[in-house]
Every structure is written in structure tokens, then in C-alpha cells.
Amino acid sequence: MDRLVFRAGGWLLLGLLALLAAAAAADSGFAIHMVIAALACMIAVWVTASKADYGAMARGILKTPADESRYDDDPIRWGVIATVFWGMAGFLAGLFIALQLVFPVLNLNLEYTTFGRLRPLHTSAVIFAFGGNALIATSFYIVQRTCRARLAFPGLARFVFWGYQLFIVLAATGYLLGITGGKEYAEPEWYVDLWLTIVWVAYLAVFVGTIVKRKEPHIYVANWFFLSFIITIAMLHIVNNLAVPASFLGSKSYSAFAGVQDALTQWWYGHNAVGFFLTAGFLAMMYYFVPKQAERPVYSYRLSIIHFWSLIFLYIWAGPHHLHYTALPDWAQTLGMVFSVMLWMPSWGGMINGLMTLNGAWDKIRTDPIIRMMVLSLAFYGMSTFEGPMMSIKAVNSLSHYTDWTIGHVHSGALGWNGMITFAALYYLVPRLWGRKRLYSLRMVNWHFWFATLGIVFYAASMWVAGITQGLMWREYGTDGYLVNSFVDTVVALQPMYLVRALGGALYLAGAVIMVINIWKTIAGSPLREEKPMTETPHNEEADRPIVAVPAE
């Protein structure tokens, strides 16, 4: 009871401090954020005060240990729901701003609904809200199963989840209010960055603590990828967001770096946010869920270790390729290009390892739409990790940079690799976390797969065409030595491609809506949908398997 009183008192004190900060705020945006923080603290006080666990008190008096026989899955269930919710918010925002580029009237002549404010809202919602919640939830699920141990510090694990949701709300409302640090993938201002640092350190403590208390002597490779993702993102976040606040009661701050040093620090962060947040963390998901869904061991565990060490060593040096033909010293640009090209090899090693895990189970692609999603995600991982190194080469970069080709590259990776592996993980987790026999409908998963696939194809193809069109129009000179096309000419030429991109986004969103219905009905325990099996033609399953199982190593 004393601990509950102390915890509730702490939240109450923080809430009062937030209200005082709101009253003395230097700008309205900071005041709004402090009010949101105060409301969050009041909710924490109410929850803490109302959930006194008298059963736990009785166990303490009787010296009875808590039940350690079950995994702590509550934060994972919340994480699954948050992933779906924020994913829909991010996809909707993305479709809306795609339509704004075709129909500018949709900016609505309001400062809060302009493309400039909604674009970071979309990117952060998809990367940090959708992707971040998926990573936290799956890492908590995987580390418990592979270590055969409950989550360390269960109270801290719950703080990680709810603290991360508060970070998302503060960041999102900040973008709409015009509060931004102006850095790609690092837009939140200084006080939001500080809060995220606290949450992230707690996340590291829970994850490492669970590994330390493990009953399984071996640390599975997925946990190595998760660990590298957590530690490296912490380092990148702290260094890139070093700033001096203009006022400790205001939202504005100034970066600790300036000029080319600031640009280099930003893209050291920016590219490795892709490398460790959107690659290493999701590779951890791949190395667990693909073997589990395929019911096959990882094709080569040795290759997975080589993949891990080569990837984390090479990725950290690749950031300067974002700064070709800038004031960055030429040797640094070349260094980034060389390491980017070298990244192609370990990346494809991981893709091949994931695909070859299906050796002897290729028939499942025909009968299991979740496996189909996993295979497509690995295919897009392979394509994106070939395209990225190619675009880092200076000769190619001179055509592609600052064009929509880069947008197409980013989205083929994000929608194809990150999106598809996350959808597959959600479909795997939901029946198991809620104790259901299976998903409400496998046919709906299949529909989701095809809607999402067509959406990605329309999106990426249109942006590839748009990007190359832009690059060629920008560099076209007439006989008099002047540029032939104005910027407006390129905007007009790209409008049809932008419309196709919006169509692709709408298809991807439609697939996500199908997923929401399927997951909702599964969680609600609705009777399983009556449907035909995924394959209707009889076939010899043994013919799909090798005559003799050949080990990978």
C-alpha cells in the first residue's frame, strides 16, 4: 500500500508541475502540451489509486511467490491494439496528403491542415506510432518465449507502453500546432525528446532485464537484433537531438550543431533510423515469426549471425550518401557511398536466409496467406536493399536525389517490407494472445494481401516514373544554355503520377480496413467465418517437399 501511495503521489506532483508550467508557458503550443501532460498524470494517479491489488498484498503477508508460470502478455495485447489504431491513423493521413498534392484545395486554407504540417504527422504516425508499437509489442512477446522467462520489471513494462503513447500524442499535436525541430524523422521538440529518452531507457531496462533472468542459456538471434535496435536508436536519438532551449517554459530550441556538422549528424541519425528502427528491429520479427509460421527452423543460424554483425557494422557508416554534391567533404560522401554499396551483401544474406527457411514448406505459400505476406515482405526487403545502394552511387544519385524516386524507394520498403511483416506478425499474434482457435477469416487475410500488394505496385511504380521524369526535366538544357523546364512545368507533368499514387494508397488503406475487421472479430470471439479452404484443387503435398531433407549447414 505504501508503494501505491508513493507512486500516486509522484504522479500527482508531476501533474501539478505540468499545470504550473502551462500557466507560465512562453507560447501557446508549450502550454497545450503541458496541459496534455498534466491530464496524463491525473489519469496515472487515478489508475494507480484504484487498482490496489489486495491479492498481491495477501501473497506478500503469506510469503507466497507470484505465479511465474505464465508470460506477461498484457502490454503485448495493448501494443497490438495500439499498432492497429495508429496504423490506420497513419495510412489515412498519408492518403489525405497524397490527395492534397493532386487537389490543393484539400489544404482547406487552414494552417493546421496544410501539407507541411500533415506530412510529418503521417511519417511519424507510420514509423514511430505504427512501427514503434509493433516493435515494442513483438519484442516483449519474443524475448519472453525465447528466454523462457516473464518480463522483468512488469510495472516498468507498462510505463514503457503508456509513456510511448504519450510521446506519440505530444509529437502529433505538436506537428499540427507548428511545433517542430525541423529535422527529418526527428521533428519533436526538446521536452518531447527528453520524455522519449526516459521511456526508451525504461524499455532497455525491461528488455535487458528479461534476457538476464532467462532460463534458456542461448540468446536467440532475434534478441540480438532487438538489442542492437534499442541501444543504437538511443544513441542516435540523444546525439542528434542535442539542443539548447530558447526557454525552459517554451517549445523553441536551437540545435547544438550548425551548418554541415548539423547536416551530417542529422543524416547519420536519419539513415540509421531506417537502418536500426525500420530494418534491424523488423529483421528480429522476421527471424522469429517466419520460422514459427512455416514450422521450419531458420535455414542457416550461422548465416543469421553473420548477417547481424555485418549489418550493424556497415549500416552506421552509410548516412553521408544523403549529402552527395553538398558542402560535406568529398571523402565523407565517398565513404557513405562505399559502405552503402557494401550493405547490399549482408542485406541479401538476410533475405535469402528468410526465404530459404521455407525450404520444404513452399506449398504453404498456396495455402497460408500469412506466409504469403511474409514472403512478399522479404522480397520487398531484398528489392529495397538493392535499390538503396544503387541510389547511393553518385552518378545515379545526381538523377534521383530530391525527386519522387526517393519517395518511391522509401515507400516500397516501408509498405512492402515493414508493413507486410507487421501485418503477418499481427495475424500470428492475435489468436494466440486472445486464446482463439484461429483468425476469424483466412480469406480476409488473402484479400488484405492482394489489396496491399496492388497498392504498393501502383504507389512505387508511379513514383519511379515521376522521379525519373523530374530528374530528366530538371537537367534538360536548351541550345542557349538555359534550363528548358520551369519548376511549375515539372509539377504539371507529374499530376497523373500523383493521382496513381493516391490510388495505390487507397488500395493499401482498403486492405488495412479488412485487417481491422478481421482482428476485431477475432478478439471479440465471433464465430469463425464459414469459407472454403485456400486451395480448392487436390494436389500432392509430398511432391512439394524435397525427397531427402538436406540440412543447411
Side-chain angles (χ1 to χ4, degrees), residues 127 131 135 185 221-229 231-233 236 267-291 298-322 335-359 373-394 396-397 400 405-406 408-422 424-425 456 460 464 552:
I127 296 171
L135 288 167
Y185 309 136
V221 66
N223 293 324
W224 285 105
F225 276 98
F226 275 131
L227 201 55
S228 69
F229 139 70
I231 293 173
T232 309
I233 289 299
L236 296 168
W267 284 112
W268 169 75
Y269 163 88
H271 191 75
N272 287 297
V274 174
F276 287 86
F277 200 97
L278 296 177
T279 303
F282 286 87
L283 284 170
M285 293 165 60
M286 181 275 286
Y287 272 118
Y288 181 83
F289 290 113
V290 171
V298 173
Y299 172 69
S300 171
Y301 199 80
R302 184 176 299 143
L303 179 58
S304 71
I305 300 299
I306 296 171
H307 176 207
F308 170 77
W309 286 110
S310 55
L311 193 83
I312 65 166
F313 174 74
L314 294 176
Y315 234 122
I316 207 77
W317 300 91
H321 75 229
H322 287 267
L335 181 76
M337 179 184 72
V338 170
F339 273 88
S340 299
V341 172
M342 292 168 65
L343 267 171
W344 168 67
M345 292 177 282
S347 298
W348 272 34
M351 174 196 68
I352 292 168
N353 207 7
L355 290 175
M356 291 303 293
T357 297
L358 292 173
N359 187 31
M373 279 186 163
M374 292 175 173
V375 169
L376 189 72
S377 74
L378 285 164
F380 272 104
Y381 174 61
M383 287 186 282
S384 297
T385 51
F386 172 78
E387 185 183 30
M390 180 185 69
M391 293 173 71
S392 75
I393 298 170
K394 289 185 178 181
V396 179
N397 194 269
S400 70
W405 187 352
T406 303
H409 165 65
V410 169
H411 282 79
S412 66
L415 301 179
W417 159 234
N418 301 117
M420 285 298 202
I421 194 68
T422 301
I456 299 165
W464 288 332

Closest non-hydrogen atom pair, [X] against [Y]:
| X | Y | result |
| --- | --- | --- |
| Leu314 | Pro346 | CD1-CG, 3.9 Å |
| Thr357 | Val298 | OG1-CA, 3.8 Å |
| Gly354 | Leu378 | C-CD1, 3.6 Å |
| Leu303 | Gly349 | CD2-O, 3.6 Å |
| Met285 | Ala425 | CE-CB, 3.9 Å |
| Met374 | Ala424 | CG-CB, 3.6 Å |

Using the side chain to side chain donor-acceptor pair (under 3.5 Å) criterion, which residues pair with Asn223? Sequence neighbours excluded.
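Checked Asn223 against side chain to side chain donor-acceptor pair (under 3.5 Å); matches are Thr146.
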Please set out all donor-acceptor pairs under 3.5 angstrom arising from side-chain atoms of residues 379-391, sequence neighbours excluded.
| unit_1 | atom_1 | unit_2 | atom_2 | d |
| --- | --- | --- | --- | --- |
| Ser384 | OG | Phe380 | O | 3.0 |
| Ser384 | OG | Gly413 | N | 3.3 |
| Thr385 | OG1 | Tyr381 | O | 2.6 |
| Thr385 | OG1 | Gly382 | O | 3.2 |
| Glu387 | OE1 | His409 | ND1 | 2.9 |
| Glu387 | OE2 | Trp405 | NE1 | 2.9 |
| Glu387 | OE2 | Trp464 | NE1 | 2.9 |

Gap separating the [atom1] atom of [X] from the [atom2] atom of [Y], nearest 0.5 angstrom:
| X | Y | atom1 | atom2 | answer |
| --- | --- | --- | --- | --- |
| Asn418 | His411 | CG | NE2 | 11.0 Å |
| Leu135 | Ile127 | CG | CD1 | 11.5 Å |
| Ile456 | Trp417 | CD1 | CH2 | 13.0 Å |
| Ser300 | Ile352 | OG | CD1 | 11.0 Å |
| Asn397 | Ser392 | CG | OG | 7.5 Å |
| Leu311 | Phe276 | CG | CZ | 6.5 Å |

For [X], what residues pass the ring-ring contact (aromatic ring centres under 6.0 Å, His included) criterion, not counting sequence neighbours?
| X | value |
| --- | --- |
| His271 | Tyr315, His321, His322 |
| Trp309 | none |
| Tyr185 | none |

For Ala284, what residues pass the side-chain contact (heavy atoms from CB on, under 4.5 Å) criterion, not counting sequence neighbours?
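Only Ala222, Phe225, Phe226 meet the side-chain contact (heavy atoms from CB on, under 4.5 Å) criterion with Ala284.
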Please enumerate all residues that pass side-chain contact (heavy atoms from CB on, under 4.5 Å) together with Val375, with sequence neighbours excluded.
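If we apply the side-chain contact (heavy atoms from CB on, under 4.5 Å) test to Val375, skipping adjacent residues, the hits are Leu355, Leu358, Ile365, Ile371.
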Are there over 12 heavy-atom neighbours, none belonging to Trp317, within less than 6.0 Å of that residue's CH2?
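Count not over threshold, so no.
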Is [Y] close to [X] at the side-chain level, that is, under 4.5 Å between some pair of heavy atoms?
| X | Y | result |
| --- | --- | --- |
| Leu283 | Phe308 | no |
| Leu343 | Phe339 | no |
| Trp268 | Ile316 | yes |

Summary of side-chain hydrogen bond (donor to acceptor under 3.5 Å, both in side chains) pairs that have at least one residue in residues 279-290, sequence neighbours excluded
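Listed by first then second residue: Tyr287-His307, Tyr287-Asn353.
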